[in-house]
Participant: 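So that we are looking at the same thing, I have put the structure below in structure tokens.
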Amino acid sequence: MPPGHRSPQYDHDRPHRHREQGATAVQVGFVGLGAMGREMTRRLLAAGHSVQVWNRSRPAVDTLVAEGARPAGQLADVFANEAVVSMLADDHAVESLLLDARLLESASTAVHVNMATVSPGLARRAAALHASHGVGYLAAPVLGRTDVAAAGNLNILAAGADPDIDRVEPLFEAMGRKTWRLGTRPEAANVAKICVNFMLTSAIESLSEATALAEANGLAAGDLLDLVTGTVFPGPVYAGYGAMIAERRYEPAGFRLALGRKDVGLALDTAAAAQVPLPLAELLREALDQAITAGHADHDLAALAETSRHR
């Protein structure tokens with residue numbers, strides 16, 4: 001990354017807060033050990049919490065067990081901890097694995113914290129099902145990519161019952177720089193995350209198109225980036241993603257383009273349910289679909305720029 005350009009993250013160089021000496025460790029189960037889940041689990045372990053992990057594939061479990069986590073033989077074991085944190089890919093994964101009446105009926109956990117980016121409709125269904133079995137449910141999606149998660153500097157968007165948020169605040173402090181309380185309805189946190197990701201993807205698309213325009217007229221992408229980030233658009237999104245676009249550097253992916261496509265789809269679905277037109281989101285979905293067809297699904301979301309260049 002060019003000197004002076006920051007990663008497309010959120011204050012990732014802020015010193016991480018440690019729990020106060022003598023604070024009680026939480027017995028927590030963690031479900032979903034993808035790139036984000038692994039780093040979040042490491043932050044919990046580093047803060048002194050006792051973490052039991054479960055994942056559909058075994059290698060990620062073995063890696064974290066070697067770092068101090070406890071393995072779970074089955075999902076029911078995870079739901080015997082004081083709190084459960086899940087970080088799964090999408091609505092389908094959450095619904096198929098965790099919205100199981102039998103699993104929740106046997107659960108002794110006090111609260112399940114779903115930190116995935118999912119639809120408001122799923123959040124409402126999940127909250128109702130958990131409540132019917134006496135288990136608290138929180139939505140707590142995050143802002144930040146894998147390097148931010150590794151530093152414990154995520155912004156956590158939390159919604160649900162205040163006592164449940166209070167109960168898991170030590171976990172949030174280990175994983176994040178700030179917890180944004182967004183009310184008692186879990187779906188509100190998911191709406192906020194969907195809105196933020198829609199705006200983020202819109203910014204990347206506008207930067208991509210502007211870069212293609214500059215390059216087509218003989219202006220180097222790096223020069224445009226320096227101008228933009230030094231004047232009207234300072235900050236991590238334009239600086240970080242702009243550097244990746246200028247350098248055509250899309251691996252390793254901090255946030256996969258396919259997940260960006262999922263989130264724009266969530267924005268459109270949420271908008272349709274509320275009868276709110278999102279014409280820009282329609283264009284973004286088309287551009288993302290073109291990028292996926294061109295083979296960029298597993299590249300960073302910044303690879304959206306290649307669609308603009310190839311048009």
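In this text the structure is predicted, and so the values were computed from the model without any measurement.
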Participant: From the options Val26, Val111, Val113, select the one residue that forms a side chain to side chain contact (heavy atoms under 4.5 Å, CB included) with Arg167.
Facilitator: Val111
Participant: Considering all heavy atoms of both residues, which atom of Glu39 and which atom of Ala149 are nearest to each other, and what is their separation?
Facilitator: CB-CB, 3.8 Å
Participant: In plain terms, say whether Arg58 and Asp62 are close enough for a salt bridge, that is, a side-chain N and a carboxylate O under 4.0 Å apart.
Facilitator: yes
Participant: Hey, does the side chain of Asp300 reach the backbone of Ala302 with a donor-acceptor pair shorter than 3.5 angstrom?
Facilitator: yes
Participant: For the residue pair Asp164 and Glu169, establish whether any side-chain heavy-atom pair is separated by less than 4.5 Å.
Facilitator: no
Participant: Which heavy-atom pair separates Asn190 from Ala116 by the least distance, and what is that distance?
Facilitator: ND2-O, 3.7 Å
Participant: Short question: side chain of His296, backbone of Ile292 - any donor-acceptor pair under 3.5 Å?
Facilitator: no
Participant: Taking the side chain as every heavy atom from C-beta outward, state whether Leu288 and Leu257 have any pair of such atoms under 4.5 Å apart.
Facilitator: yes
Participant: Restricting to non-hydrogen atoms, name the atom on Asp298 and the atom on Ala253 that form the minimum distance, rounded to 0.1 Å.
Facilitator: O-CB, 3.6 Å
Participant: For Arg125, look at atom CZ and say whether over 12 heavy atoms of other residues, nucleotides or ligands are found less than 6.0 Å away.
Facilitator: yes
Participant: Verify the distance criterion only: is there a donor paired with an acceptor across the side chains of Ser50 and Gln27 at less than 3.5 Å?
Facilitator: yes
Participant: Should Asn55 and Arg38 be marked as a side-chain hydrogen bond (donor to acceptor under 3.5 Å, both in side chains) after you check the CA-CA gap, both sets of side-chain angles, and the distance that decides it?
Facilitator: CA-CA 10 Å; Asn55 197 58; Arg38 288 195 300 274; over 6 Å; no
Participant: Any salt bridge between Glu105 and Arg102, counting N to O under 4.0 Å?
Facilitator: no
Participant: Tell me the closest heavy-atom pair linking Tyr241 and Phe255, and the distance in Å.
Facilitator: OH-CB, 4.4 Å
Participant: Evaluate the criterion side chain to side chain contact (heavy atoms under 4.5 Å, CB included) for residue pair Ser308 and Leu304; output intermediate values, then yes/no.
Facilitator: CA-CA 7 Å; Ser308 295; Leu304 184 58; 6.0 Å; no
Participant: What are the two closest heavy atoms between Ala287 and Glu205, and how far apart are they?
Facilitator: CB-OE1, 4.0 Å
Participant: Would a 4.5 Å heavy-atom cut-off, applied to side chains only, mark Asp263 and Phe198 as touching?
Facilitator: no
Participant: Counting heavy atoms not belonging to Arg309, are there more than 12 under 6.0 Å from its CZ?
Facilitator: yes
Participant: Are there over 12 heavy-atom neighbours, none belonging to Arg311, within less than 6.0 Å of that residue's CZ?
Facilitator: yes
Participant: Please work out whether the ring planes of Phe79 and His112 are parallel, tilted or perpendicular, with thresholds of 30° and 60°.
Facilitator: perpendicular
Participant: Under the criterion side chain to side chain contact (heavy atoms under 4.5 Å, CB included), I'd like the reasoning laid out for Thr63 against Leu33: C-alpha separation, chi angles, the key distance, then a yes or no.
Facilitator: CA-CA 10 Å; Thr63 296; Leu33 303 176; over 6 Å; no
Participant: For a 4.5 angstrom cut-off between non-hydrogen side-chain atoms, does Thr229 reach Pro234?
Facilitator: no
Participant: Hey, are the side chains of Leu75 and Leu98 touching, using non-hydrogen atoms and a 4.5 Å cut-off?
Facilitator: yes
Participant: Output yes when a side-chain donor or acceptor of Asp226 lies under 3.5 Å from a complementary backbone atom of Asp223, and no otherwise.
Facilitator: no
Participant: Less than 4.0 Å between a side-chain N and a carboxylate O, is that true for Arg249 and Glu306?
Facilitator: no
Participant: Within this structure, what is the CG-OG distance for the pair Leu213 and Ser208, rounded to the nearest 0.5 Å?
Facilitator: 12.5 Å
Participant: Any non-hydrogen side-chain atom of Leu138 less than 4.5 Å from a side-chain atom of Val168?
Facilitator: yes
Participant: Looking only at heavy atoms, what is the nearest atom pair of Ala174 and Leu44, with distance?
Facilitator: CB-CD2, 4.0 Å
Participant: Given side chains that start at C-beta, do those of Thr117 and Lys262 come closer than 4.5 Å, heavy atoms only?
Facilitator: yes
Participant: Mind checking whether Val85 and Phe172 have side chains closer than 4.5 Å, heavy atoms only?
Facilitator: no
Participant: Within this structure, what is the CE-OG1 distance for the pair Met40 and Thr146, rounded to the nearest 0.5 Å?
Facilitator: 12.0 Å
Participant: Set out, in order, the CA-CA distance, both residues' side-chain angles and the distance that settles side-chain hydrogen bond (donor to acceptor under 3.5 Å, both in side chains) for Asp77 and Trp54, then state yes or no.
Facilitator: CA-CA 9 Å; Asp77 297 339; Trp54 187 92; over 6 Å; no
Participant: Can any side-chain N or O of Lys193 pair as donor or acceptor with the backbone N or O of Val142 at less than 3.5 Å?
Facilitator: yes
Participant: When you measure from the side chain of Asp90 to the backbone N and O of Ala93, does any donor-acceptor pair fall under 3.5 Å?
Facilitator: yes
Participant: Quick check: are there more than 12 heavy atoms from other residues, nucleotides or ligands sitting under 6.0 Å from NE2 of His133?
Facilitator: yes
